[in-house]
Amino acid sequence: MNISNAIFQQYKLNIINVELLRDTDDLVYKITDNFQHHYTVKVQRKKLNKINKKLSDLYNWLDFLSQNISFYFPLPLRNINSEFCSQIQDYSQNIYNFVVYQWVDGEPISKQMSQKNNYKIGALMAELHKASSVYNKEAKALCRYDEKWLHDCFSIILNGAKIVDYNNKQLNQLENGLEIIKQYIVNIGYEKTNFGIIHSDLNFSNILIDSAGNLSVIDFDEAGFGHYWLDLAVTLDEFYDYDEAETMIKQFIHGYQTIRDIKFDSTTIKMFRGLSAILYAAWVFSPENDWVRATKLDYGKDALEKIRYVV
């Protein structure tokens, strides 16, 4: 596919360099125009329904965030038709959607972990959730990570368990874990104090730090309505990869609680780490994500085990 031609036709940008950054469920490029301005381009392999409406709802939310938070994030650009989503055709005549975003400088926060930055991550997330809790537009095109979504994930995850040759005992344990997590989520409810628009993938690759120590958040593709605890669980899982996890998490919690009052208890953390595992496993084992499964299967297996041993 000719990215440069497609962008010129639909955005009137003269592209002089195209660099592939990622190839998973979508293709991510860094592009440079003749004025040395950089942009991010995402070509989406999956056929997404109502993508322009979703991007419009997402843009409205991000625009609201830009007035209420201190960190930076990229906004999508409108094409010559004033739409956020454009189309590109590959050499086999297949048509894909793509979106052009503002570029964000920085490297993943994982390369600069420190007590100060652990605190900053917590404060950043609390800012995001505080703003979301007072956002009052409907944004109906965004996903809802609720019990209906959970129910839809169950069959995907159970089929995934069969792919990795789970026996009957393991399948029963997995089903039990899924039901326990679902019931916990239902019992918490959906009050605005704990449920609103979340990023849903705040891993350390999506939190960037620049040379001045400023944090940015990228990749809002899976943003939707969910419990704020789901965002917290995704990030907490990142800390557990470090030997100093307990100390790092305390710094993270301190940063969060300076902005937003919330009680961190072990049961809630455990349940939402299970929900985070469901989110990840559903991504890996989704029938349309065979190219993801080819490279992420071991991580998918780990996610299944977290669900199976949630209690």
Hey, mind stepping through Ile180 and Met271 against side chain to side chain contact (heavy atoms under 4.5 Å, CB included) and telling me if it holds?
-> CA-CA 8 Å; Ile180 289 171; Met271 289 296 114; 3.9 Å; yes
Could you pull out the closest heavy-atom pair between Val99 and Pro76, with the gap in Å?
-> CG1-CB, 3.9 Å
His151, NE2 atom: more than 12 neighbouring heavy atoms under 6.0 Å = no
Give the minimum heavy-atom separation between Ser205 and Leu208, together with the two atoms involved.
-> O-CD2, 3.7 Å
How long is the gap from CD on Glu147 to CG on Asp152, to the nearest 0.5 Å?
-> 11.0 Å
Using a cut-off of 6.0 Å, state whether more than 12 heavy atoms not belonging to Asn168 lie near its atom CG.
-> no
Looking only at side chains, do Gln102 and Thr40 share a donor and an acceptor under 3.5 Å apart?
-> no
Is it true that Phe272 and His227 have ring centroids separated by less than 6.0 Å?
-> yes
Closest heavy-atom contact between Ala245 and Phe239?
-> CB-O, 3.2 Å
List the atom of Leu128, the atom of Leu202, and the distance in Å for their closest heavy-atom pair.
-> CD2-CD1, 4.1 Å
Given the rule in the side chain to side chain contact (heavy atoms under 4.5 Å, CB included) test, do Phe285 and Asp290 qualify, once you have shown the distances and angles that lead to the verdict?
-> CA-CA 8 Å; Phe285 293 109; Asp290 53 346; over 6 Å; no
Does the ring center of Phe264 lie less than 6.0 Å from the ring center of Trp229?
-> yes
Is it true that the side chains of His129 and Asp231 contain a donor and an acceptor less than 3.5 Å apart?
-> yes
CG/Leu236 to OG/Ser276 distance, rounded to the nearest 0.5 angstrom?
-> 9.5 Å
Are Arg293 and Tyr299 in a cation-pi setup, meaning NZ or CZ lies under 6.0 angstrom from the ring centre and within 45 degrees of the ring axis?
-> no
Would Tyr184 and Thr268 count as having a side-chain donor-acceptor pair, cut-off 3.5 Å?
-> yes
When you look at Asp146 and Arg144, which way does the salt bridge (charged side-chain N to carboxylate O under 4.0 Å, His left out) test go after all the steps?
-> CA-CA 6 Å; Asp146 53 17; Arg144 289 183 65 88; 3.3 Å; yes
With Lys12 as the cation and Phe8 as the aromatic partner, state whether NZ or CZ is under 6.0 Å from the six-membered ring centre and within 45° of the axis.
-> yes
If you measure from OG1 on Thr32 to CG on Leu13, what distance do you get to the nearest 0.5 Å?
-> 11.0 Å
So, is the end of the Arg78 side chain (NZ or CZ) under 6.0 Å from the ring centre of Tyr11 and within 45° of the ring's axis?
-> no
If you draw a 6.0 Å radius around CD in Glu191, do more than 12 non-hydrogen atoms from other residues or ligands fall strictly inside?
-> no
Exceeds 12 heavy-atom contacts within 6.0 angstrom, atom NZ of Lys116 | no
Any chance NZ of Lys30 has more than 12 other-residue heavy atoms, nucleotides or ligands included, within less than 6.0 Å?
-> yes
Is it the case that Lys137 places NZ or CZ above or below the six-membered ring of Trp61, under 6.0 angstrom from the centre and within 45 degrees of the axis?
-> no
Any chance CD of Glu19 has more than 12 other-residue heavy atoms, nucleotides or ligands included, within less than 6.0 Å?
-> yes
Val18 and Ser4 have their tightest heavy-atom pair at CG2-OG, 3.6 Å
State, without any angle test, whether Asn94 and Gln89 hold a side-chain donor-acceptor pair at a distance under 3.5 Å.
-> no
Can you list the steps and then say if Tyr119 with Phe252 is a side chain to side chain contact (heavy atoms under 4.5 Å, CB included)?
-> CA-CA 5 Å; Tyr119 177 96; Phe252 167 79; over 6 Å; no
Gln87, CD atom: more than 12 neighbouring heavy atoms under 6.0 Å | yes
For Asp261, does the CG atom sit with more than 12 other heavy atoms under 6.0 Å from it, leaving out its own atoms?
-> no
Can you label the angle between the Phe73 ring and the Phe220 ring as parallel, tilted or perpendicular, going by 30° and 60°?
-> perpendicular
Criterion salt bridge (charged side-chain N to carboxylate O under 4.0 Å, His left out) on Asp221 and Lys54, from CA distance to verdict | CA-CA 10 Å; Asp221 287 2; Lys54 176 181 176 180; over 6 Å; no
ILVMFWY network linking Val134 to Ile197, side-chain heavy atoms under 4.5 angstrom = yes
Quick one: does NZ or CZ of Lys42 land under 6.0 Å from the six-membered ring centre of Tyr101, within 45 degrees of the ring axis?
-> yes
From Lys169 atom NZ to Arg308 atom CZ, the distance as rounded to the nearest 0.5 Å | 8.0 Å
Quick one: do Phe84 and Tyr59 satisfy ring-ring contact (aromatic ring centres under 6.0 Å, His included)? Show the steps, please.
-> CA-CA 9 Å; Phe84 296 115; Tyr59 183 91; 4.8 Å; yes
May I have the step-by-step check of side chain to side chain contact (heavy atoms under 4.5 Å, CB included) for Leu65 and Phe71, ending in yes or no?
-> CA-CA 9 Å; Leu65 283 184; Phe71 61 89; 5.6 Å; no
Distance, nearest 0.5 Å, that separates CG of Asn206 from CD1 of Ile109 | 12.5 Å
If you take all heavy atoms of Val310 and Lys270, which pair is closest and at what distance?
-> O-CD, 3.1 Å
